[in-house]
Q: 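Here it is: the structure, laid out below.
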There are 4 protein chains.
Amino acid sequence: MIRVGVIGYGYWGPNLLRNLVKTRDCRAMAVADLNPEKQLAVKRLYPFLDSVASPSQLLEDAEIDAVVIATPISTHYELAKEALRCGKHVLIEKPMTVTVAQANELIQLAELKQKVLMVDHTFIYTGAVRKIKEIIESGELGDVYFYDSVRVNLGLFQPDFNVLWDLAPHDFSIMAYLIDKEPISVSAVGAAPVRWNGWKKESVVYIAVEFADGSLAHFHVNWLSPVKVRRTLISGSQKMIAYDHLDKDYQVKVFDKGVQASNDADRYQALVQYRMGDMLVPKIDQTEALESLCEDFVRCAQTGKRPLTDGYNGLRVVQLLEAAQRSLEQRKEVMLSGTGESVILPRNGISDDGQLQVTQTLL
Amino acid sequence: MIRVGVIGYGYWGPNLLRNLVKTRDCRAMAVADLNPEKQLAVKRLYPFLDSVASPSQLLEDAEIDAVVIATPISTHYELAKEALRCGKHVLIEKPMTVTVAQANELIQLAELKQKVLMVDHTFIYTGAVRKIKEIIESGELGDVYFYDSVRVNLGLFQPDFNVLWDLAPHDFSIMAYLIDKEPISVSAVGAAPVRWNGWKKESVVYIAVEFADGSLAHFHVNWLSPVKVRRTLISGSQKMIAYDHLDKDYQVKVFDKGVQASNDADRYQALVQYRMGDMLVPKIDQTEALESLCEDFVRCAQTGKRPLTDGYNGLRVVQLLEAAQRSLEQRKEVMLSGTGESVILPRNGISDDGQLQVTQTLL
Amino acid sequence: MIRVGVIGYGYWGPNLLRNLVKTRDCRAMAVADLNPEKQLAVKRLYPFLDSVASPSQLLEDAEIDAVVIATPISTHYELAKEALRCGKHVLIEKPMTVTVAQANELIQLAELKQKVLMVDHTFIYTGAVRKIKEIIESGELGDVYFYDSVRVNLGLFQPDFNVLWDLAPHDFSIMAYLIDKEPISVSAVGAAPVRWNGWKKESVVYIAVEFADGSLAHFHVNWLSPVKVRRTLISGSQKMIAYDHLDKDYQVKVFDKGVQASNDADRYQALVQYRMGDMLVPKIDQTEALESLCEDFVRCAQTGKRPLTDGYNGLRVVQLLEAAQRSLEQRKEVMLSGTGESVILPRNGISDDGQLQVTQTLL
Amino acid sequence: MIRVGVIGYGYWGPNLLRNLVKTRDCRAMAVADLNPEKQLAVKRLYPFLDSVASPSQLLEDAEIDAVVIATPISTHYELAKEALRCGKHVLIEKPMTVTVAQANELIQLAELKQKVLMVDHTFIYTGAVRKIKEIIESGELGDVYFYDSVRVNLGLFQPDFNVLWDLAPHDFSIMAYLIDKEPISVSAVGAAPVRWNGWKKESVVYIAVEFADGSLAHFHVNWLSPVKVRRTLISGSQKMIAYDHLDKDYQVKVFDKGVQASNDADRYQALVQYRMGDMLVPKIDQTEALESLCEDFVRCAQTGKRPLTDGYNGLRVVQLLEAAQRSLEQRKEVMLSGTGESVILPRNGISDDGQLQVTQTLL
């Protein structure tokens, strides 16, 4: 039985708590939130929980094995560091930290303390993303040509962060999980057309990530789109995938379409020909992703295994966010070489039978 | 009656000829193509036309008033220059030229000769694009926040040019027609995952165009997408437009959605609120765009008026192509200031009643 | 304050209770269900409620003003009759009863007792249906030409009833609410391809309802469709509506398309011409329908007004179900004349400002 | 070489001629149309053809081997009879005749004369319908539970016939080709909301066709729908198919969904469970159907084989049309038993390799 405390009961905390309460081998113990109204809200729904103001009450409580940190981004690092020092397993809301240095420090501390460090990149636990991972790992796609992701809608503007930090963590974590290539540079452009009272942050950002083999991943995140789009294209030499998170009946489409170079030298002829075959929509496991994520957190805390979205996955996301932010500010391409190379080693996988599985044991 | 010759009967020439043959006040006279098979193909379908090898036969023919140039891009400039010198009106297949300098020279020559110089940016003549122009000119959209365009599919690879020069001319011309702002810089990233026998050109390109007011236009052109997409979002402070060229029944959607800054300082509150209203799909004129374009060419040749897609519109497209190509090669943002400023003056419009109209007379 | 008891805590009861608990001026008091497991389930979620086995405990409780009946269809009549006799306001799950005679008896009893008799035809309280009602009442559509409804999916087979009784109540109630014409006959055809152990009930049924003016409403209900469809077309002489319940962004489409007879006698010419205009997707109120329905029940119980889905609306649905079932069994058209004429008098409406409103007062 | 004459150059004749002109082993010889303008139109496009007024000129011409009849429905029978008597192979525009008796007579005459009798049910030659045939013949679907077809749009009203005779021939021919069951009864309902000057024909018709095993096919044809729909569902015990003619990228969807009876007697449990698997969109041959049909006509005329849409397929369609029309008029179910039993014997098929093939030789 893993006894869990939740720090932060704002936007996402209630969702985490709702799932933790029903997770097997998990006992929710207490919630900390500075806002007295939030404390009351917890008591109304969960009279059996402790509801306190200060995180330190949870961190110092020896009866608590693990904490979930769902506070504003800028507080993640300090709270997680303190929690690890106190010997707690830690699940942090995305993004993990504001800087790569902070992320690296947390990873090292977690290894030292032999505790689970996990980031809530919920999408990795969706049936759709896991199915795509399975397909890519099978090698069916051939060489991956490009990765294109669009996440746009009329979004909730954030006071402290631009749309990059709000939406791109989802897509960066999915890409980092699916594509087994190391990014070498990041270029971002953006615009901040909505401003007032001195507030001026990007609400439209485009990010290009280049890999060592010259292939590209590209991301469009946007708070100002009249239509809601969550679409990813992954194009390979043998097959191609279109993933539309909103199209519940046909979330993942696998196109048996391939590219073949032609030997025909006639300039009016096609240089490249396409193989066009069937299209398959695989059945997707519909289990709620947050439920699977909470289960994985508890299981890893029990067994010492690594979660799918461990510190390294979280670090990769922070690395891309940090570089994209710098690219936005400096108006130029930012090279990644060296930055995180030393720590970016282990990668998680999915087993042949499609079950979530971990590749390495911490303890 | 305008008597027209066509130079080049490859991929697009037959479409132009098919429309010219039925255009009012227009008489197709001759076709020139170096390929004997193409010459025969012309004679089979149009026994009444002259079918010759050399363009000069058309250019020197005093009975021909105007020529349509549908040859490979690299030949546009020389052929158009020669045609203008010979006193012909000229319609050039897109893109107009390979360099801004060439485009400027053709514009000046056309003015000197008092001849029509037109570029076949067909999309400008579609009912959908003209309807969007009408809406934007009405001011309904408020401030334009961003312009986002996606044109992707499994495309016909070109031997001499990358996907930028193949597909982006469509989107650059539409944007230049719709958005009345001067671009100040261009940033492009791309990848060339498909290669063979020394051929290596980008098949995936993303281009960001920044305007003086800080707003952005962004373009995704791609030859390797398993799904065909032609979608443009234009987001304004008062209304927003989604244009899907492939969705014949609902090509243009006008969302009565607007952005309102909130005065609420609470960090957990929305900083920005949205006004959400009805959505309108306006009726679109379904006349074939190429037909309207040919009619406009003939009418302008007769009257001395400017076509919608005149040399300046063509120049703007070449300016963006040239800058995007340089940005791809130099891996950095390319500033546009100064380049074309002196010539980019007149702008075409659309009248209040939605009819195509020209704003200036040449002669 | 209206004090409410719920009878039946099976499939739909929990949804009703969840909404009643948060309805203003309403106090949930007790739940009756014969199944001990269900009784426990109530206590777990709502420790403050009485959870009993027998409905009579609720009906005889003087502290309870109103009951909600969410039991199997065949028990509706007896329970509702007893509840009205005990002086309770009654909300019955759809369909109201199994026969028209039963429905008429309940209506008369409710009038005698001056109590609210309401049927849970939830769809009438959706923003989409209310918006369509508003449009039809405005007269924009002109003459209504036909009404076509499709409700198909892989459905939950019922042991006691065929797909007609399971799904058609939704569509019959919507049609009865929207279309202000009296049906005169019903023709139904169906098939029961899935059978076992003696169970054999229709899983595919088509129902045509004819009105006095010769126009038609048609319904397709189906438990065996691989795709889920909820689509209604309402075609008028001036405008036409397409309603797709599953297309959340574009639920209601209003086409400005009309029919015009041509005077041209040429047999190769069109006899009828169409006026083709814009298409509008009006903004739809997204309040949960069941929430609005519970509020209306409580308000009517307080004020004596009629709910939108009163006994008459429920009766019209039962009338169509009974006739369709008879048509299925007798394999012929069933006339409705006379059956319910005397009771089908009052009709509910929606006010000019789009607010739910009742047209008549009971007390 | 088969020498062909075309009778009737109205709406569909030009399409047939355009394809015949380019069909291998086929020489178009002459066109007959009473309208002098149509005769001129033929000469303009095809100067090498004879263009005459009277069909008899073609029928009596010994140089003509085959005729294509594209005249109004009511003239099909007389023209085809005369053509067969004159020893011509005959291709008739759909529907074949107005009565079953006429159709039977033509079939017998064609057999006597050993000539090809074919009906232009173009859809049978589409890649989509042939692919569906292949799937059904493979047995993958299991038992066919129901067949549901919707063909609606704003249609061209016909002076002489209602929407049943205009649109249902398409769907009846597809169903007759795909479903290897004999229909035993037909029930139709319809409405004629648009009327003027004495014209009053159904523009909305629903037709149910029952098979001997109790399963149903249902058809909705409609000239008054604001949205254009061409959708067919074919539901089997093992797999299910959705066919959307207008969804070019995903025309045929094969759902690996099946129905399983449950042994669980609990009334609150599902009686029927579903097996839910992947969905497949098979690649569809995009050859123009009319081109394949013309080729099959010529090949059959040369070889004496039967076309896919032979007289029997045409007869089955007329049988359903005649019965549906009678059902509309008599307002009751019409039994088919006996009517066409004697003649409805041979059935065409598709070979294992998906190639069009005929099952029987006439000569």
Side-chain angles (χ1 to χ4, degrees), chain C residues 10-11 35 72 143-146 148 150 152 154 156-160 187 189-197 199 203-204 206 208 210 213-216 218 220 222-227 233 235 237 239-242 253 255 257 259 261 263 265 267-268 270-272 274 276 279 331-333, chain D residues 10-11 35 72 143-146 148 150 152 154-160 187 189-197 199 203-204 206 208 210 213-216 218 220 222-227 233 235 237 239-242 253 255 257 259 261 263 267-268 270-272 274 276 279 331-333:
Chain C
Y11 173 65
N35 185 334
D143 296 334
V144 172
Y145 281 163
F146 71 88
D148 179 83
V150 177
V152 308
L154 291 184
L156 205 65
F157 279 63
Q158 311 278 319
D160 302 332
S187 305
V189 292
V194 179
R195 308 162 190 190
W196 71 99
N197 291 345
W199 189 93
S203 39
V204 186
Y206 300 90
E210 190 169 344
D213 65 355
S215 64
L216 267 191
H218 187 273
H220 176 196
N222 195 320
W223 279 334
L224 289 172
S225 167
V227 286
L233 294 176
S235 191
S237 54
K239 288 195 179 175
M240 302 175 181
I241 289 177
K253 300 194 184 85
F255 296 87
K257 294 183 174 175
V259 177
N263 289 320
R267 67 173 299 128
Y268 293 106
L271 286 170
V272 162
Y274 297 101
M276 304 290 217
M279 189 272 275
R331 303 184 70 94
K332 63 174 195 184
E333 187 180 14
Chain D
Y11 173 66
N35 185 333
D143 296 334
V144 172
Y145 282 162
F146 71 87
D148 180 82
V150 177
V152 309
L154 291 184
L156 205 66
F157 279 62
Q158 311 279 320
D160 301 332
S187 305
V189 293
V194 179
R195 308 164 190 189
W196 71 99
N197 291 346
W199 189 94
S203 39
V204 186
Y206 300 90
E210 189 169 344
D213 65 356
S215 64
L216 265 191
H218 188 273
H220 176 196
N222 195 320
W223 279 334
L224 289 172
S225 167
V227 286
L233 294 176
S235 192
S237 55
K239 287 195 178 173
M240 303 174 179
I241 289 177
K253 298 194 185 85
F255 296 87
K257 294 182 175 176
V259 177
N263 289 319
R267 68 172 298 128
Y268 292 106
L271 286 170
V272 163
Y274 297 102
M276 303 291 217
M279 188 272 275
R331 304 184 69 94
K332 64 173 194 185
E333 186 180 14

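In what follows, every chain begins at residue 1, and chains take the letters A, B, ... in the order their sequences are listed.
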Q: Shortest non-hydrogen contact from D:V204 to C:F146?
A: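 Shortest heavy-atom contact: CG2-CD2, 3.8 Å.
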Q: Which residue out of D:H218, D:R331, D:K253, D:M279 racks up the most heavy-atom pairs below 4.5 Å with chain C?
A: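 Answer, by heavy-atom pair count under 4.5 Å with chain C: D:H218.
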Q: Heavy-atom distance under 4.5 Å to chain C: side chain of D:L233, backbone, both or neither?
A: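 Contact with chain C is through the side chain of D:L233 alone.
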Q: Which distance, rounded to the nearest 0.5 Å, do you find between the CG of C:L154 and the CE of D:M276?
A: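 It comes to 5.0 Å.
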Q: Fit a plane to each ring of C:F157 and D:Y274, take the angle between them on a 0 to 90° scale, and name the class: parallel (under 30°), tilted (30 to 60°) or perpendicular (over 60°).
A: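 Rings of C:F157 and D:Y274: tilted, 30 to 60°.
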Q: Report the distance from atom OH of C:Y145 to atom OG of D:S225, rounding to the nearest 0.5 Å.
A: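 C:Y145 OH to D:S225 OG: 14.0 Å, rounded to 0.5 Å.
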Q: Shortest non-hydrogen contact from C:A191 to D:S215?
A: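 Heavy-atom minimum between the residues: CB-CA, 4.4 Å.
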Q: Using non-hydrogen atoms only, which part of D:N222 is less than 4.5 Å away from chain C: side chain, backbone, both, or neither?
A: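 For D:N222, side-chain heavy atoms alone lie under 4.5 Å from chain C.
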Q: Relative to chain D, which of C:L224, C:V189, C:D143 shows the most heavy atom pairs under 4.5 Å?
A: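 Highest number of pairs under 4.5 Å: C:L224.
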Q: Under a 4.5 Å heavy-atom cut-off, does chain D meet the side chain of C:K257, its backbone, both or neither?
A: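 Contact with chain D: side chain only.
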Q: Shorter than 4.5 Å, heavy atoms on both sides: which option in D:A208, D:S237, D:P226, D:S235 has the most such pairs with chain C?
A: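 The option with the most such pairs is D:P226.
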Q: Between D:H220 and C:D148, is there a side-chain heavy-atom distance shorter than 4.5 Å?
A: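 A side-chain contact exists here, since the closest heavy-atom pair is under 4.5 Å.
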Q: Counting heavy-atom pairs closer than 4.5 Å to chain C, which one of D:L216, D:V227, D:I241, D:D213 comes out on top?
A: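 Among D:L216, D:V227, D:I241, D:D213, the one with the most close pairs to chain C is D:L216.
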Q: Check each atom of D:V259 against the heavy atoms of chain C and say whether the ones under 4.5 Å are side chain, backbone, both or neither.
A: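 Side chain of D:V259 only, per the 4.5 Å heavy-atom cut-off to chain C.
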